[in-house]
Amino acid sequence: MARVQAGVTTSHVPAIGAAIDRGQTETDYWRPVFAGYEFSKRWMAEQRPDVIFLVYNDHASNFSLECLPTFAIGCAEEFTVADEGFGPRPVPPVLGHPELACHIAESLILDDFDLTIMNKLDVDHGLTVPMSLLFGQPTAWPVKVIPFAVNVVEYPQPSGQRCFNLGRALRRAIESFPEDLNVQVWGTGGMSHQLQGPRAGFINSTFDQSFLDRLVDDPDALCQIRHLEYLRESGSEGIEMIMWLVMRGAMGERVREVHRHYHVPASNSAVGHLIVEPNS
Ligand code: DHB
Ligand code: FE
């Protein structure tokens, strides 16, 4: 049977992708950001997952106000890298796992979660930047990816509780797939940041550090955070952190913290990164 091997969360700041693509990771500004991923890359090389269920948000690259699903699952063989205005990032195409993706879609839909099935999907920095942070710059990604897009860009976003519940159902879906596969669940985005308005540049390290602590030990408390509280405490784009709750829901009751990294700033964001393993 397939098993949930580990959970990873990380910010997906587009400027991080640009720094990697332009060979700037060793500059004074970027070195402390990337230093926190050195352990993670070694850990990933040892773990060798077969599939990553990658929870991310599209930033008006594939979707638009004409069509904006709350939850969308990528079921295709391959996903093209989106052109976000400067040409597609120079990263390999993202290969999917249609059999597992379709199994998960069926299981989640029958578990009462409404998903949009994507047989064609361009993936943007929300997905490719985390891949670069954890795998570096290979000629081909060493793992299959099931993209899972959550609407966090336009009201009404789903609640954190719903994302957590979806993660719990996701674990049941993965563990009922008959093939022997090691599957990781990733949640991307965050941490506190605001890209617009009078509070542009807003960062709240106290909130972020507490979020990291509670993601490990008390996810139920995080499920109670309402949208207005995210807005007030973590900036207008901090709501991306509800995607981390999908990961945590898939890990079960208790987790073992493997690695943590937090750094301010990277572009306009506080960078947060966590690796956990299920403890049961
Ligand atoms: C930034 C962060 C994001 O998560 C994003 O999607 C776009 C920009 C930033 O910090 O610049
Ligand atoms: Fe983002």
Side-chain angles (χ1 to χ4, degrees), residues 8-22 24-25 27 29-30 32-34 36-37 54-65 68-72 74 79 81-89 91 94 121-134 145 147-155 157-158 160 163 186-205 207-208 211-212 215 227 230-231 233-247 261-274:
V8 174
T9 62
T10 178
S11 308
H12 61 214
V13 182
I16 290 178
I20 294 171
D21 300 343
R22 295 173 189 163
Q24 294 168 349
T25 57
T27 62
Y29 182 85
W30 287 112
V33 176
F34 290 102
Y37 291 86
L54 205 156
V55 183
Y56 79 109
N57 70 289
D58 176 81
H59 302 75
S61 306
N62 187 92
F63 302 111
S64 72
L65 292 181
L68 190 49
T70 303
F71 298 118
F79 306 95
V81 176
D83 181 349
E84 300 183 58
F86 300 92
R89 285 191 61 215
V91 294
V94 175
L121 176 67
D122 288 356
V123 290
D124 72 9
H125 68 268
L127 184 142
T128 63
V129 167
M131 290 293 285
S132 299
L133 279 169
L134 275 295
V145 178
F148 190 83
V150 178
N151 167 37
V152 295
V153 299
E154 184 66 25
Y155 187 84
Q157 300 94 339
C163 289
W186 292 15
T188 86
M191 296 191 88
S192 58
H193 64 302
Q194 172 142 350
L195 303 177
Q196 54 196 309
R199 287 205 312 168
F202 175 83
I203 279 173
N204 184 348
S205 295
F207 178 88
D208 290 340
F211 193 95
L212 288 166
L215 195 67
H227 292 154
Y230 277 108
L231 189 64
E233 299 297 328
S234 65
S236 53
E237 276 71 38
I239 184 81
E240 288 182 340
M241 281 184 269
I242 61 172
M243 296 184 288
W244 296 25
L245 289 171
V246 179
M247 179 289 280
H261 173 49
Y262 184 75
H263 177 81
V264 175
S267 184
N268 297 296
S269 294
V271 165
H273 168 42
L274 198 62

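In each ligand, atom 1 is the first atom listed, and ligand 1 is the first ligand listed.
Below 30°, between 30° and 60°, or above 60°: for Phe34 and Trp30 the angle between ring planes is between 30° and 60°, a tilted geometry. By the 30° and 60° cut-offs, the orientation of the rings of Trp244 relative to Phe211 is perpendicular.
When hydrogens are left out, the protein atom nearest atom 8 (C) of ligand 1 is Pro14 CD, 3.4 Å; that is the closest non-hydrogen contact. The protein atom (non-hydrogen) at minimum distance from atom 3 (C) of ligand 1 is His193 NE2, 3.4 Å. Looking at atom 11 (O) of ligand 1, its nearest protein heavy atom turns out to be Ser267 OG, 2.6 Å. Summary of contacts: the protein heavy atom closest to atom 10 (O) of ligand 1 is Ser269 OG, 2.7 Å.
Here the side chains of Phe79 and Val145 are not in contact, with every heavy-atom distance at 4.5 Å or above. Counting only heavy atoms from C-beta outward, the side chains of Asp124 and Asp58 approach each other to under 4.5 Å.
Under 3.5 Å, the side chains of Glu84 and His125 contain a donor-acceptor pair of N or O atoms.
Under a 4.0 Å criterion applied to the non-hydrogen atoms of His125, ligand 1 contributes the atoms 5 (C), 6 (O), 7 (C). Close approach of ligand 1 to Glu240 is summarised as follows: ligand atoms under 4.0 Å from at least one heavy atom of the residue are 4 (O), 6 (O). Atoms of ligand 1 lying under 4.0 Å from at least one heavy atom of Val13, given by number and element, are 9 (C), 10 (O).
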message = For Val271 and Tyr37: C-alpha separation, side-chain torsions, deciding distance, then whether side chain to side chain contact (heavy atoms under 4.5 Å, CB included) applies.
response = CA-CA 11 Å; Val271 165; Tyr37 291 86; 3.5 Å; yes

request  = List the steps and the verdict of side chain to side chain donor-acceptor pair (under 3.5 Å) for Asp208 and Ser192.
outcome  = CA-CA 7 Å; Asp208 290 340; Ser192 58; 2.7 Å; yes

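Taking backbone and side-chain atoms together, Glu240 has an N/O/S atom less than 2.8 Å away from the Fe ion (ligand 2). Distances from the Fe ion (ligand 2) show that His125 has no N/O/S atom below 2.8 Å. Among the atoms of His12, an N, O or S atom is found under 2.8 Å from the Fe ion (ligand 2).
Heavy atoms of His12 found under 4.0 angstrom from ligand 1 belong exclusively to the side chain.
With rounding to the nearest 0.5 angstrom, the CD atom of Gln157 is 5.0 Å from the CD1 atom of Ile239.
His59 contributes NE2 as its N, O or S atom closest to the Fe ion (ligand 2).
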